[in-house]
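What follows is a single structure, written as C-alpha cells, with notes after it.
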Amino acid sequence: MTTATAPAALRLKVPYVASTIGRKVVMAVTGLVLFGFVLVHMIGNLTLYAGPEAMDGYSRFLHTFLHGGGLWIARVVLLTCAVLHVWSAASLTLDSWAARPVGYRLWKAKDSTYASRTMRWGGVILFLFIIFHILNLTLGHFDPGYVPGDVYANVVHAFRQWPVSVFYIVAMFALGLHLDHGVWSLFHTLGFSHPRYKRWLREAARGFAILLVVGNCSFPIAVLAGWVR
Amino acid sequence: MNLTLHVWRQKGPRERGRFVTYRATDVSADMSFLEMLDVVNEGLLLKGEEPIAFDHDCREGICGACGMVINGRPHGPKARTTTCQLHLRSFRDGQELWLEPWRSRAFPVVKDLIVDRGAFDRVIQAGGYISAAIGSAPDANAVPIRKENADLAMDAAACIGCGACVAACPNGSAMLFTAAKISHLGLLAQGQPERYERAAAMVETMDAEGFGSCTNHNECEAACPKGISVAFIARLNADFVRARLTEGRRLEQVGEGGV
C-alpha cells in the first residue's frame, strides 16, 4: 500500500499574526474600533450646537464616567489600537514595496479607487493630524487662552485661527477617503463578503465617510462663519 | 496596420534590462498579439538579431503560459482576455505600445518578457491538492453538492495560474491566485478534511515567496483573464482565520506532531 503524500503541516513556522493575513486582520479589527471611535466622537461633538453648557457638561460626563476611569480605559484601548493599526500598516507596506523591486514604465489603474490608492499617505496625514489635535485641544498647545475643562470656549478659540481650521478640514477629507475604502475593506479582510451585499457594504462605507466629513467639517466652518461664538 | 513597440529586453536574470523600440509594419488587424510578435521576430532573425523572448503555449487562452503587461495592463486592454487571445483590432493604427514582463520579486525575469512563475508551483505544492484516497470517479450525484457551491468551485477552478493578478496588483500580492486555489477545493466535499491546514500552509508559502499583501484594490479581478472574483479572497481570509481558531482542536485530534 502506498502512503498518501504528507498533507500540509498543522503547525505553521511563523505565528499566524505575523503572516500577511494575520497582520491585515489586526489592521481590520483595530480599524473597526477606531472607526467606532470617530463616529461617537463626531456625534458627541454635535453638543457644540447645543451651547457651552451642553458641551462642557458632555465633557464632564466623559471625565467622571466610572469615577474617571472610563476615559482612561478608552484612552488605553484607543492608543493600543492606533499603535497596532500603524504597526500592521507600516510593516505590510514595506513588504508590499519590497514585493515589486522594479516598477512598471507604464501602469494603468482600472478597478482601484483614489481612496484605495491613498490609504497609506492618507494614514500618514491622519497620524500627524491626531498628534496635532491632541496637542491642540486636549493639552492646550497653540492656544494662549486655553482653559482645561472649558471645552466649548477652547474649540471656538482654536477654530477662529484659520490655519487650524484649514488643517482640520484637510485632515477630515483624508479621514473621509480613508474610511470610504477602509470600512468596507475591513469586512472583506475579516472574511465577510458576498456579491449580494458587497455593494451595499461599499455604499454604507461611503455613507459613513460622507457623514463624518460633513459632520466634522461643520464645526470649524460654523465657528469661522460666526454661527457658533 | 503599423505599431511601434517599446519592448523590455533583458538577456538573463542577472543582466540589466532596457526598452528597445521596434516597428511592426503592415500587420493585419486580425492577427493575434502573439502572431504579431512572431512576425516582428522573423524580421529580427532575418537581420541576424536576437528575437524577443516571450512565453506562450496553447494560444487558446487556457494554459496560462502567455502574459505580458501591454500599455500598463496585464494581458492588454481587453477584459477577460489572455495575451494570445488579444487581437490587433483592439489597438489603433500607429499606436505606441509598451511591453513589459510581470514585475514581481517572486517572478524573476528569465529573459525579455518571460518570468519564472515557479513561486506559484510552490504555493500549490504547500497544499493545493487533496491527499484522501477517493477512488475512481464517483457516480453522478453520489456525493451531494449544492449547485451554488459546484458553480463557485468551477468559477475558482477557472484560474489558469498566469500571474496577471500579481502583475496587476499595486502590492504585488498573489492573494487572488491562492484564494482561487484554496476555494475550488474548499467548496467541495473532497476538499473538506484538509481545508484549514491547506489555507494556512498555502498562505505561509505565499508569504515566504515574497509576494505582497492584499489591500482590496480589486485590480487583480479586473486583470484576470478568467474574471475570478475577489470574493474568493474574502473566503481565503475567512478560512485562514478559522485555521487559527480551530488549530487547538485539530492539534488535539491528531497530536502535536501533526499529521
Side-chain angles (χ1 to χ4, degrees), chain A residues 1-25 27-28 88-89 91-93 95-113 116-117 119-120 181-182 184-195 198, chain B residues 6 8 17 19 69 71-73 98 100 103-106 126-127 129 131-133 168 170-173 194 197-198 200-204 206-207 210-219 221-223 229-231 233-244 247 250-251 254 256 258-259:
Chain A
M1 189 188 140
T2 53
T3 48
T5 331
L10 268 153
R11 266 213 193 284
L12 297 184
K13 285 176 229 64
V14 266
Y16 278 86
V17 73
S19 67
T20 49
I21 298 181
R23 280 176 285 164
K24 275 157 48 64
V25 167
M27 199 194 304
S88 53
S91 70
L92 287 170
T93 298
D95 285 359
S96 290
W97 285 347
R100 179 159 296 144
V102 183
Y104 290 110
R105 165 75 173 65
L106 197 60
W107 184 83
K108 285 194 192 117
K110 201 164 183 187
D111 276 13
S112 59
T113 59
S116 76
R117 290 190 301 273
M119 287 303 274
R120 286 161 184 159
H181 181 72
W184 81 264
S185 176
L186 76 88
F187 286 102
H188 205 265
T189 298
L190 293 175
F192 301 103
S193 183
H194 190 280
K198 186 180 170 186
Chain B
H6 303 285
W8 182 261
F19 284 100
V69 174
N71 268 11
R73 295 298 312 164
W98 293 85
E100 299 175 69
R103 298 290 191 193
S104 163
R105 183 173 58 153
Y129 52 81
S131 59
N171 302 311
S173 168
E194 289 149 316
E197 288 90 335
R198 175 182 305 119
M202 288 177 77
V203 168
E204 186 178 46
M206 175 187 86
D207 288 353
F211 292 107
S213 70
C214 177
T215 57
N216 301 323
H217 283 296
N218 296 358
E219 288 291 354
E221 183 183 311
S229 165
V230 290
I233 293 181
R235 185 173 286 276
L236 167 59
N237 290 331
D239 275 10
F240 187 79
V241 171
R242 250 178 255 156
R244 171 74 190 87
E247 187 190 28
R250 283 180 286 117
L251 282 172
V254 295
E256 272 294 315
V259 181

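Quick note on labels: first sequence line is chain A, next is B, and so on, each numbered from 1.
Of the inter-residue distances, the one linking A:Lys24 atom NZ with A:Ser88 atom OG reads 10.0 Å to the nearest 0.5 angstrom. Note that CZ of B:Arg242 is 11.0 Å distant from CG of B:Asn237, once rounded to the nearest 0.5 Å. With rounding to the nearest 0.5 Å, the separation of OG in A:Ser112 from CD in B:Glu221 is 12.5 Å.
Most heavy-atom pairs under 4.5 Å with chain B, from the set A:Leu190, A:Thr189, A:Val25: that is A:Thr189. The most heavy-atom pairs under 4.5 Å with chain B, out of A:Arg23, A:His181, A:His188, come from A:His188. The residue among A:Ser185, A:Pro15, A:Pro195 with the most heavy atom pairs within less than 4.5 Å of chain B is A:Ser185. Most heavy-atom pairs under 4.5 Å with chain B, from the set A:Met119, A:Arg117, A:Arg105, A:Met27: that is A:Arg105. Top candidate by heavy-atom pairs under 4.5 Å with chain A, chosen from B:Gly172, B:Ala106, B:Ser213, is B:Ser213. For the set B:Ala231, B:Ser173, B:Gly210, B:Cys214, the entry with the most heavy-atom pairs within less than 4.5 Å of chain A is B:Cys214.
Side-chain atoms of B:Asp207 come within 3.5 Å of backbone atoms of A:Thr20 as a donor-acceptor pair (strictly under, hydrogens ignored). Side chain of B:Arg250 to main chain of B:Ala243: a donor-acceptor pair is present (N/O by atom type, distance under 3.5 Å, no hydrogens or angles). At distances below 3.5 Å, at least one donor-acceptor pair connects side-chain atoms of B:Glu219 with backbone N or O atoms of A:Lys110.
In this structure, no portion of A:Ala18 lies under 4.5 Å from any heavy atom of chain B. For B:Ala168, the part sitting under 4.5 Å from any heavy atom of chain A is the backbone (N, CA, C, O) and nothing else. For B:Phe240, the parts lying near chain A are the backbone and the side chain together; criterion is any non-hydrogen pair under 4.5 Å. Neither the backbone nor the side chain of A:Trp97 comes within less than 4.5 Å of any heavy atom of chain B. For a residue to count as touching a neighbouring chain, one of its non-hydrogen atoms must lie under 4.5 Å from one of that chain's; by this rule B:Met202 does not touch chain A.
With a 6.0 Å radius and a threshold of 12 heavy atoms from other residues, nucleotides or ligands, B:Arg73 has its CZ atom above the threshold.
A cation-pi arrangement is found for B:Arg103 relative to B:Trp8, the charged atom lying closer than 6.0 Å to the ring centre and inside a 45° cone about the ring normal.
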